Amino acid sequence: MTVFVIRRLMQSILVLAATAVIVFIGVYAIGDPAEMLIAPDATAAERAQVEASLGLDKPLPVQFLAFLGNALHGDLGRSFVFNQPSISLILERLPATLELALVAILIALVLGIPLGLIAGLKPRSVTDETIMTGSILGFSLPNFWQGMMLVMIFSVWLGWLPSSGRGPTGHIFGIETSFASWEGIRHLILPAINLALFKLALVIRLTRTGVRETMPLDFVKFARAKGLTERRVVLVHVLKTIMIPLVTVIGMEIGSLIAFGVVTETIFAWPGIGKLLIDSIMRLDRPVVVAYLLVVVSLFILLNFAVDVLYSILDPRIRLGRN
Amino acid sequence: MTPVLVVDNLETRFGSGAGLVRAVDGVSFSIDRGEILGLVGESGSGKSITGFSILGLIEPPGRVAGGRILFQGEDLVGLPSERLRRLRGKKIAMIFQDPMMTLNPVLSIETQMVEAVLAHDAVSWKEARERARDTLGLVGIPSPEERLKAYPHQFSGGMRQRVAIAIALLHRPDLIIADEPTTALDVTIQSQILFEVRRLATEFGMALIWISHDLGVVASLADRIAVMYAGRIVETGFTDDVLDRPAHPYTRGLMDALPANAARGEKLRPIPGLSPSPLARPGGCAFRTRCFAATEICQQEPVLQGGDHSFRCHHPLPAGVAA
Ligand SMILES: Nc1ncnc2c1ncn2[C@@H]1O[C@H](COP(=O)(O)OP(=O)(O)OP(=O)(O)O)[C@@H](O)[C@H]1O
Ligand code: SF4
Ligand SMILES: [Mg+2]
């Protein structure tokens, strides 16, 4: 197990290093770094000064080391718009995005697993058909359209929930969160549901397929032959078996929720990194885009690593190895 | 002596219309306390389905369509599922064919044994664990205390089957249905397990239904034999009677196919032809397409005749033709 963790950690560091090289090539080697890092409206004098300070006259490997050194110190350039280190801009917005993604994935799991179980246990029943039709809608309707419908119904017609912005935040255990006040929670509901819908459909399908595949297996029949209650057979024997593939997929989906929450954050004016990215692209604020890229890749790597560890904890065949 | 189990004209079917499969087609037998009954027949003859029917483990589209299963005087057909659950594992236990598939790969041996105890007895986890450990020792698993913590993949096939047997023995049931428990194992392990199960059955006075396609295995083990063909019992009686004086050509065919019965250097004589498809069984005697003694009259269903040693055949073999 320890060997496994160390091995995966080394792999993660390798991937991160590879990403750094790619970003470096993209920003410094292929493009003109001066273009990337200097505001478009800078004067010629300013430009020359920056180019010298960036050491662009030096050979490429030296430039790469300098870039790496800066990146390791958290220096990925300053935002033209906010005149503030781009990395700190990203990190400032990150909690809002993380909160939204985590709440969305929780909604998807808490609703999706039971619904998938119910559908899978009674295949082709009316309940199953209803649940599966719902999940097809969740899959096929575009995310922005679902978001607009949510706003239309719950904000405009019913007037129950706010449709824009993050509400007041407070601190719980030192973490900035919307859960500190009811108003904060109210602002969170619609965007979280919007972000959750697609994943909910996915969790339902994965769970249902898992149940359908596991139920006919011999060990389920044997569990019944032991006289276990149907409840225990389903909730322990079947669920534990399907949790393993589910965790893997969902773990990776959290990454995509963070990276691609852009649409939801834009619709609901949610002040996270997705909205920051869109704003920065519109304003040609390149240092922020670069910082976003590195932060999101790091998050993916981190999640990937966490998922692998969790997977191996859940599956004794990996945790303990063969005889 | 009153029998532990009386199966009376059992019918178990799958599907309907043109796809109707009469997997078990009017099977009757009984078994006394402490007795070993060998159920023999080719693949697809309905042996496993007979076993699953007794435990109430037939799942849709299958169903028990008729007959009675009297266990200690109580008819199990149509019994409420909770009442049936209380018998399963407690009074009637089953061991499955493939030890590699019987145990849940993601749960420890401890969990899978303790839950089987707790399904029927209100004892503490600790007590249940002690019973599990002692039973593992009973079936010949070395250092049971440590092995409890292990997972199925850490055991060999033979050891897994011993674990499954231990699970079946946890409640000292009155009846054990062993569905080809040694078929998947190599010969040495097979005879060890045969010996072990026989010893335990005698020791605890349990009735044992031993299912096998191998007449040789059953001959060495069973007090009585029932030979199944195409969902029916075609010959049954005390093992010695049946083997000394087989009346049904199918039984005779099974005996001729045994390596031990072929004279040295002589070829084995397998039964010609294949088992009929369960969807298109010939009317009358289902064996007539492969039978050397078949005549016109065999197109009519033969009735069961004889007393302790009974058979279904229009032209029973004369005594003394056994090899
Ligand atoms: N789920 C099912 N759907 C349709 N038919 C089935 C199903 N399960 C079993 N059957 C039919 O029931 C018949 C008896 O099957 P069973 O498993 O009892 O055979 P068996 O004697 O145990 O054979 P084996 O030695 O291969 O285990 C088979 O011919 C099969 O076609
Ligand atoms: S009834 Fe006829 S076909 Fe069937 S086993 Fe007897 S002789 Fe053969
Ligand atoms: Mg079978």
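As a basis for the values below, the full set of heavy atoms in this structure was taken, side chains included, without hydrogen atoms, waters or symmetry mates. This one's a predicted model, so the numbers in the text were calculated from it and none came from an experiment. Just so it is clear: chains get the letters A, B, ... in the order the sequence lines come, proteins before strands, and each one is counted from 1.
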Could you tell me which residues in residues 222-229 of chain A have at least one non-hydrogen atom under 4.5 Å from a non-hydrogen atom of chain B, sorted by residue number?
-> A:Phe222, A:Arg224, A:Ala225, A:Lys226, A:Gly227, A:Leu228, A:Thr229
Those residues of residues 205-215 of chain A that come under 4.5 Å of chain B on a heavy-atom basis, listed by number, are none
Measuring heavy-atom distances to chain A, does B:Ile167 have an atom under 4.5 Å in its side chain, in its backbone, in both, or in neither?
->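 For B:Ile167, the side chain is the part near chain A, not the backbone.
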Pick one of side chain, backbone, both or neither for B:Ala150, based on which atoms fall under 4.5 Å of a heavy atom in chain A.
->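 It is neither, since no heavy atom gets under 4.5 Å.
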Which of [options] touches chain A most, by non-hydrogen pairs under 4.5 Å:
options	answer
B:Leu57, B:Leu84, B:Leu55	B:Leu57
B:Arg86, B:Lys90, B:Gln112	B:Gln112
B:His120, B:Glu82, B:His171, B:Glu115	B:Glu115

Near B:Lys149 NZ, under 6.0 Å, is it more than 12 heavy atoms from other residues, nucleotides or ligands?
-> yes
CZ (B:Arg68) with more than 12 external heavy atoms under 6.0 Å |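 12 or below, so no.
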Which heavy atom of A:Phe219 sits nearest a heavy atom of B:Asn104, and at what distance?
->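 Looking at all heavy atoms of both residues, the shortest contact is CE1-ND2, 3.3 Å.
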Between B:Leu107 and A:Lys240, what is the shortest heavy-atom contact and its length?
->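 Residues B:Leu107 and A:Lys240, closest heavy atoms: CD2-CD, 4.0 Å.
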Among the listed options A:Asp315, A:Leu217, A:Val220, A:Thr241, the residue most often paired with chain B at heavy-atom distances under 4.5 Å | A:Thr241
Examine A:Lys221 relative to B:Phe52 and say whether NZ or CZ is less than 6.0 Å from the centre of the six-membered ring and inside a 45° cone about the ring axis.
-> yes
